[in-house]
Amino acid sequence: MRTVRAGVTDWAIAVCVTAALLVTGLSKQHAATDLDPVGYTLLVAGGLALAAGRRAPVPVLAVTGLCAVGYQAAGFDVPAVAYLFAVYAAMRAGHRVVTVAASVTMLVALPLAAMASGLHDTGAALAQARGALELAWLIAAGAAGEALRQAERRADEAERTREETARRRADEERLHIARELHDSLTHQISVIKVQAEVAVHVARRRGEQVPEALLAIREAGREAARELRATLEALRDDGVNPIRGLDHVPDLVRRARATGLDATLTIEGHRDGVPAAVDRTAYRIVQESLTNVARHACATTAAVRIDHRPDALVIQVDDDGKATPDAAPVPGVGLLGMRERVTALGGRLRAEPRGEGGFTVHAELPVDRTP
């Protein structure tokens, strides 16, 4: 919207300047010559060129300058108004050296153009050139453009400072939350995990049957410790030590094989421009899927497939476990967490038993690859 408004403003200025140049050219008394069509054409071209002043300030500066010299040589004693606007635009864009050099050239070229139009009196030619390009207005246009450029630069710096301050405060808050979680939860979870490990060890040494509830407590403590550690890593992430993503998926597959599961990894397509959020979510989906296979599936094989498509990243994890289409799965915390992550990125998740037996997790995460 802002670009459209800027374009409309540029065209409005160009049309108004063109009209002013034409009115001035028509009202000036001069002898009709064969060059009149050329002069009027240059007046129009110089004015309309201002429409591109924001996008191409230096070429517009050259075009308006050449047009001013051209219609002066054709006998049109019309002020170089379009050139003054071009000076303002070029200075605003930061092209100070080019603008000064072009203006000095104009101060030399305009008297020569006036003499070429038929004025043989050097004084009259200089006076006409001075009227066409009033030095005070030239300096004012350049100063205004430079002042606005400096103001915009200071505004940009202020905006960057605000963003850096907000980012620093967010980092400080993240670290504060990480410290609070570490102080309040890590110790308690560690105590639970250690006590459960000791209880299981003592029961086995005595030859007693370990209660399922105790084994569940031990496993839950281990998983809670892993998840809390991953959460703390994410909260403490400062960009120097990035959290896990697609590059670490092969490690997940290798750890799954170490448990006796026949796990395979297939990667298709060319990885290019995967956003950080998608990268982390893909890792989490594979991690949670393989964890569920090891815990609940009673599977012997698991196949992980990652497909890099032009507009999406597709993750699929299949196992040959005991799940059947007749038994609807009860969504646990892991599946709910996966679904929330995928939904937050605007993707789709399908987690269900396979027709041939086993379970499948299929996630599609949209990837915006525009530069």
Side-chain angles (χ1 to χ4, degrees), residues 196 200 204 209-227 229-230 244-271 274 278-309 312-345 347-367:
V200 170
R204 285 175 175 170
Q209 184 177 2
V210 181
E212 289 295 328
L214 187 57
L215 292 174
I217 291 173
R218 183 188 65 171
E219 189 61 29
R222 289 176 178 176
E223 184 62 21
R226 284 195 295 268
E227 289 297 324
R229 188 161 50 247
R244 295 183 179 276
L246 288 170
D247 291 336
H248 301 91
V249 169
D251 295 335
L252 292 175
V253 176
R254 279 193 292 271
R255 286 201 295 270
R257 289 199 198 103
T259 64
L261 183 68
D262 183 11
T264 60
L265 173 62
T266 303
I267 300 176
E268 298 183 356
H270 179 63
R271 179 179 175 182
V274 176
V278 174
D279 191 50
R280 293 192 295 267
T281 299
Y283 174 85
R284 283 296 189 181
I285 290 172
V286 176
Q287 181 189 41
E288 184 63 32
S289 298
L290 291 178
T291 300
N292 288 340
V293 171
R295 279 190 194 167
H296 312 299
C298 298
T300 58
T301 65
V304 179
R305 180 172 174 268
I306 298 176
D307 186 4
H308 294 276
R309 297 179 182 176
L313 178 69
V314 179
I315 304 102
Q316 183 162 329
V317 181
D318 297 326
D319 66 64
D320 64 347
K322 61 182 181 180
T324 61
D326 299 332
V330 178
V333 176
L335 284 178
L336 291 175
M338 275 196 289
R339 193 172 301 280
E340 288 173 356
R341 289 174 182 271
V342 173
T343 303
L345 295 175
R348 294 178 295 175
L349 177 71
R350 179 169 53 84
E352 59 189 12
R354 298 191 303 161
E356 60 271 31
F359 200 80
T360 182
V361 175
H362 181 91
E364 295 184 16
L365 305 175
V367 177

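In this chain, numbering begins with 1 at the start of the sequence shown.
- Partner of His362 under the side-chain hydrogen bond (donor to acceptor under 3.5 Å, both in side chains) criterion, out of Glu352, Arg348, Gln316: Gln316 alone.
- Here the straight-line distance linking atom OG1 of Thr281 with atom CG of Leu345 works out to 4.5 Å at 0.5 Å rounding.
- Considering CE of Met338 and CD1 of Ile315, their distance stands at 10.5 Å, rounded to 0.5 Å.
- Taking the side chain as every heavy atom from C-beta outward, Ile306 and Arg271 never approach each other to under 4.5 Å.
- A 4.5 Å side-chain heavy-atom check between Leu313 and His308 finds at least one atom pair inside the cut-off.
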For this session: Show your reasoning for whether side chain to side chain contact (heavy atoms under 4.5 Å, CB included) applies to Ser289 and Ile285.
Result: CA-CA 6 Å; Ser289 298; Ile285 290 172; 4.1 Å; yes
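- The nearest pair of heavy atoms linking Ala282 to Leu246 is CB-CD2, 3.5 Å.
- Listed here is the closest heavy atom pair of Asp319 and Gly321: OD1-N, 2.8 Å.
- In this structure, Glu268 places its CD atom where more than 12 heavy-atom neighbours from other residues, nucleotides or ligands lie under 6.0 Å away.
- Contact record, Ala196 with Ile217: CB-CG2, 4.0 Å, taken as the closest heavy-atom pair.
- The number of heavy-atom neighbours closer than 6.0 Å to CD of Gln209, taken from other residues, nucleotides and ligands shown, is 12 or below.
- Summarising the geometry of Ala263 relative to Arg257, their closest heavy-atom pair is O-NE, 2.8 Å, with the distance given to 0.1 Å.
- Between Ala302 and Val293, the shortest heavy-atom distance links the atoms CB-CG1, 4.4 Å.
- When all heavy atoms of Val278 and Pro366 are compared, the closest pair comes out as CG2-O, 3.8 Å.
- The distance from the NE2 atom of His248 to the CD atom of Gln287 is 11.5 Å, given to the nearest 0.5 Å.
- At least one donor-acceptor pair under 3.5 Å links the side chain of Arg339 to the backbone N or O of Leu349.
- Judged as a side-chain hydrogen bond (donor to acceptor under 3.5 Å, both in side chains), and not counting sequence neighbours, the contacts of Thr301 are Asp320.
- With Val286 as reference, Leu252 is the one residue of Leu252, Leu265, Thr291, Val361 to meet the side-chain contact (heavy atoms from CB on, under 4.5 Å) rule.
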